[in-house]
Amino acid sequence: MRDGAADLLRLPPGAQHRIAAGQSLPLVRSRRSARANAHHNPEKEHNKQRTGLYRPKVPKRIPRRIPDEKYTEVFAGLRSHRDRALLAFWVATGARAEELLTAKQGDAVVGQQTIGVIRKGTRAYQELPATPDAFVWLRLYQEESWNKGFPRSRAQPLWWTLRRPWRPLGYDAARMMFNRANELLGANWTLHDLRTLSLLSFRVAIDFSGAGGLGVWALR
């Protein structure tokens, strides 16, 4: 019998039950119910103790991020100005995907370069700074959609489906849009990875040799 299994059998029934339930064990075997360092003198340093049995350290994962060159490929693989504007705002603002979809047409303030969203947890309204390039793609999308007869009002949603009957764009539809671009590249990036990308320092450059002569968002 292995040492670990032998130690498990030597533990009292209560401790074995806690292991089966996925609960943590105390650092010291003699202490079964008291809180760790319950009577510690705050003027003294804590003594170094071993990690409790069967409680290994969980490694910290490095957040996933889309490499700059792959992001440019994903951007070039999008099929509409709406999708390019959405992707540009997701990266520029760092907002959650569902938060950006709450924006109304009047929330996009070009003069201040901000866009207003409703935060997920607090449900509070907050204006987030964006980049000029994101507003360029937004304007191209709005002109194209208004010419097709999309609802136009400051109180109307900013993002709409591209096919009739027109409906406000939901999270599932936006995720499917991003997944289609992933399929073209054979990648498995997620919308959450865009938030990690937005938190990194970057410089935005326009490459006018991109698709359609309109340029591709390039991060360098």
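Taken together through direct or relayed side-chain contacts under 4.5 Å among Ile, Leu, Val, Met, Phe, Trp and Tyr, I118 and L128 form parts of separate hydrophobic clusters. Hydrophobic cluster membership is shared by L78 and L140, with clusters built from Ile, Leu, Val, Met, Phe, Trp and Tyr side chains linked at under 4.5 angstrom. Note on L100 and W160: same hydrophobic cluster, where clusters join Ile, Leu, Val, Met, Phe, Trp and Tyr whose side-chain heavy atoms are under 4.5 Å apart, directly or indirectly. Follow the hydrophobic side-chain contacts under 4.5 Å out from F150 and you reach L138 in the same cluster.
Screening residues 138-148 for side-chain hydrogen bond (donor to acceptor under 3.5 Å, both in side chains), with sequence neighbours left out, gives R139-E143. The stretch residues 96-110 participates, sequence neighbours left out, in these side-chain hydrogen bond (donor to acceptor under 3.5 Å, both in side chains) pairs: R96-E99, E99-R119, D107-Y125.
Taking CZ from R164 and CZ from R167, the interatomic distance works out to 12.5 Å, rounded to the nearest 0.5 Å. A distance of 7.0 Å separates CG in L87 from CE in M177, rounded to the nearest 0.5 Å.
For T161, there are no side-chain hydrogen bond (donor to acceptor under 3.5 Å, both in side chains) partners two or more places apart in sequence or in a different chain. Every side-chain contact (heavy atoms from CB on, under 4.5 Å) that L101 has, sequence neighbours left out, goes to L86, W159, L169, Y171, A174. Annotation: side-chain contact (heavy atoms from CB on, under 4.5 Å) contacts of P129 (sequence neighbours excluded): none. Considering only residues two or more places apart in sequence or on other chains, D172 meets the side-chain contact (heavy atoms from CB on, under 4.5 Å) condition with R175. Under the side-chain contact (heavy atoms from CB on, under 4.5 Å) criterion, Q112 pairs with V109, T114, E127, not counting sequence neighbours.
Closest approach of A130 and F89 over heavy atoms only: CB-CE2, 3.6 Å. The minimum heavy-atom distance linking P157 with P168 is given by the pair CG-CG, 3.9 Å. Taking every heavy atom of both residues into account, W90 and A95 meet most closely at CD1-O, 3.9 Å.
For the pair L158 and I115, the minimum side-chain heavy-atom distance is below 4.5 Å.
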Please walk me through it: do W137 and F75 pass ring-ring contact (aromatic ring centres under 6.0 Å, His included)? CA-CA 12 Å; W137 289 110; F75 194 91; 5.5 Å; yes
